[in-house]
Amino acid sequence: MSGIAATAILKEEVDIVIPTIRNLEFLEMWRAFLEPYHLIIVQDGDPSKLIKVPQGFDYELYNRNDITRILGPKAHCISFKDSACRCFGFLLSKKKYIFTIDDDCFVAKDPSGKEINALEQHLKNLLSPSTPFFFNTLYDPFREGTDFVRGYPFSLREGVPTAASHGLWLNIPDYDAPTQLVKPLERNTRYVDAVMTIPKGTLFPMCGMNLAFNRELIGPAMYFGLMGDGQPIGRYDDMWAGWCTKVISDHLGFGVKTGLPYIWHSKASNPFVNLKKEYKGIYWQEELIPFFQSVSLPKECTTAQKCYIELSKQVKAKLGKVDEYFNKLADSMETWIEAWEELNPSGAPKSDALPNGSAK
């Protein structure tokens, strides 16, 4: 119990969002770290299937029927049969911080053998400033035992608010299908004790299975797109959200960190299935990356919502010619913001009740 007491920081300000199609026995190994917090479970696939959650956890569970009931005609913007459905939990949350994790992610151990409290490290990352304008060669200067190095401008040492914390994985690395096929036995055993701010103007591949963010700063940009059932692409949901989040964070003057914490990624997905999902994305991203690298948002875009609407217009104007899918995606980006503003009206008290799911 001392572990629980020691780690339940910001208990009332954090929601943990988990997309799943299966029973959540994996939560047992997270109990000491996550039991004090509220969970939002987004059940993908067959809504008639009963998902079992270990006793003692405070959770609400939503399935496809709930998504349709709550969002009505806007429900089409939430992906089906893809972990992108997790963003429905982002939409419903009323907390300041979100930690999202996949159900095949277990507690990792650091090189000394100590179990890693991933949520605690994410919150440390989010609660300390980022330094996106000038790189510190000792990495995150706000971590204990380090600081800004000689030559770092004093005018930039205050840093900027941190919008997102991107964690990493031991064991199964987050590879694309071609790399999986070439290196089927490769495992990540390297524990790098570092957190760093991704520099302004630099994109990165954001993985959604060990991710935390400040919902108040960047939540509306954390839309995981249209993936899975009925869509020509999969496994690019978190990539899309990451590219959008990064360019909007850069514009608004926020930072994004990557590095610690690690989780233990327990199982590799099928590379042949992954290739079918990814192959258009692998091809399209050669045009998507230059698009995001050249995105310019007007100064009138002063909130994540305004930035995202403007970005959706640019997606339609510049990527619609790549494939009709991007016109559909741009429309869904607008629908997402409409849903966000409907469920999160400005000025609404943070204690607003969630729409009823299966509460425990």
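We use all heavy atoms of the structure for the numbers below, so side chains are in, but hydrogens, waters and symmetry mates are not.
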Could you tell me whether [X] and [Y] have their ring centroids closer than 6.0 angstrom?
X: F90; Y: Y223; result: no
X: F204; Y: W243; result: no
X: W340; Y: Y308; result: no

Rounded to the nearest 0.5 Å, how far does [atom2] of [Y] lie from [atom1] of [X]?
X: L203; Y: Q293; atom1: CG; atom2: CD; answer: 5.5 Å
X: E310; Y: K313; atom1: CD; atom2: NZ; answer: 6.0 Å
X: I18; Y: R86; atom1: CD1; atom2: CZ; answer: 10.0 Å
X: Q121; Y: I116; atom1: CD; atom2: CD1; answer: 9.0 Å
X: Q231; Y: I233; atom1: CD; atom2: CD1; answer: 9.5 Å
X: L260; Y: Y191; atom1: CG; atom2: OH; answer: 4.5 Å

Evaluate whether atom [atom1] of [X] has more than 12 neighbouring non-hydrogen atoms of other residues, nucleotides or ligands under 6.0 angstrom away.
X: F142; atom1: CZ; answer: yes
X: K267; atom1: NZ; answer: yes
X: F135; atom1: CZ; answer: yes

For [Y], is there any backbone N or O sitting under 3.5 Å from a side-chain donor or acceptor partner on [X]?
X: D102; Y: M209; answer: no
X: W336; Y: C77; answer: no
X: D58; Y: P36; answer: no
X: N214; Y: A163; answer: no
X: S165; Y: K257; answer: no
X: N23; Y: E25; answer: no
X: T202; Y: I198; answer: no

Checklist entry - Which class fits the ring pair Y152 and F148: parallel under 30°, tilted 30 to 60°, perpendicular over 60°? => result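 Y152 and F148: tilted rings.
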Could you check whether any side-chain heavy atom of [X] comes within less than 4.5 Å of a side-chain heavy atom of [Y], counting everything from C-beta outward?
X: P132; Y: P199; answer: no
X: K246; Y: M206; answer: no
X: K94; Y: N344; answer: yes
X: V17; Y: S93; answer: no
X: S269; Y: Q180; answer: yes
X: K49; Y: Q43; answer: yes
X: T335; Y: L71; answer: no
X: H251; Y: C301; answer: yes

Next on the checklist: Is there a ring pair (Phe, Tyr, Trp, His ring centres under 6.0 Å) between F292 and W240? Walk through the geometry before answering.
Outcome noted: CA-CA 10 Å; F292 280 104; W240 182 263; 5.2 Å; yes
Item to check | Residue pair T20, F26: steps toward the side chain to side chain contact (heavy atoms under 4.5 Å, CB included) verdict | outcome: CA-CA 11 Å; T20 193; F26 92 109; over 6 Å; no
Item to check | Derivation of the salt bridge (Lys or Arg N to Asp or Glu O under 4.0 Å) call for D193 and R143 | outcome: CA-CA 11 Å; D193 187 10; R143 286 188 71 198; 3.0 Å; yes
Item to check | Derivation and outcome, side chain to side chain contact (heavy atoms under 4.5 Å, CB included), residues I337 and E334 | outcome: CA-CA 5 Å; I337 294 298; E334 290 196 32; 5.9 Å; no
Is there a chain of hydrophobic side chains (I, L, V, M, F, W, Y, each step under 4.5 Å between heavy atoms) that links [X] to [Y]?
X: Y175; Y: L168; answer: no
X: V107; Y: I172; answer: no
X: W284; Y: I289; answer: yes
X: F134; Y: M196; answer: no
X: V53; Y: I101; answer: yes

Salt-bridged, [X] to [Y], with N to O below 4.0 Å?
X: E278; Y: R235; value: yes
X: K316; Y: D331; value: yes
X: D44; Y: K81; value: no
X: R69; Y: D66; value: yes
X: R64; Y: D46; value: no
X: E287; Y: K318; value: no

Next on the checklist: Walk me through whether N136 and T131 qualify under side chain to side chain donor-acceptor pair (under 3.5 Å).
Outcome noted: CA-CA 8 Å; N136 191 51; T131 53; over 6 Å; no
Item to check | side chain to side chain donor-acceptor pair (under 3.5 Å) evaluation trace for H265 with D174 | outcome: CA-CA 9 Å; H265 187 204; D174 187 31; over 6 Å; no
Next on the checklist: Go through it in stages, so that I can follow the logic: the residues are Y97 and F213, the test is ring pair (Phe, Tyr, Trp, His ring centres under 6.0 Å), and I'd like the CA-CA distance, side-chain angles, deciding distance and then a yes or no.
Outcome noted: CA-CA 6 Å; Y97 302 105; F213 61 94; 9.4 Å; no
Side chains of [X] and [Y] only: does a donor on one sit below 3.5 Å from an acceptor on the other?
X: D104; Y: S266; answer: no
X: T179; Y: D176; answer: yes
X: D15; Y: H38; answer: yes

Item to check | For T162 against S130, the heavy-atom pair lying closest together | outcome: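 The answer is OG1-OG, 2.7 Å.
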Item to check | Minimum heavy-atom distance G56-E35, with the two atoms named | outcome: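 Here G56 and E35 meet closest at O-OE2, 3.3 Å.
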Next on the checklist: Would K95 and E12 count as a salt bridge (Lys or Arg N to Asp or Glu O under 4.0 Å) here? Give the steps.
Outcome noted: CA-CA 7 Å; K95 304 290 179 64; E12 303 304 321; 5.3 Å; no
Next on the checklist: Checking Y62 against I41 for the side chain to side chain contact (heavy atoms under 4.5 Å, CB included) test, could you report, in this order, the C-alpha distance in whole Å, the side-chain angles of both residues, the deciding distance, and whether it holds?
Outcome noted: CA-CA 6 Å; Y62 297 89; I41 300 164; over 6 Å; no
Checklist entry - side chain to side chain donor-acceptor pair (under 3.5 Å) between H122 and N210: does it pass, once the steps are laid out? => result CA-CA 9 Å; H122 275 303; N210 175 22; 2.8 Å; yes
Checklist entry - Given S79 and D229, is the side chain to side chain contact (heavy atoms under 4.5 Å, CB included) satisfied, shown in steps? => result CA-CA 7 Å; S79 298; D229 196 50; over 6 Å; no
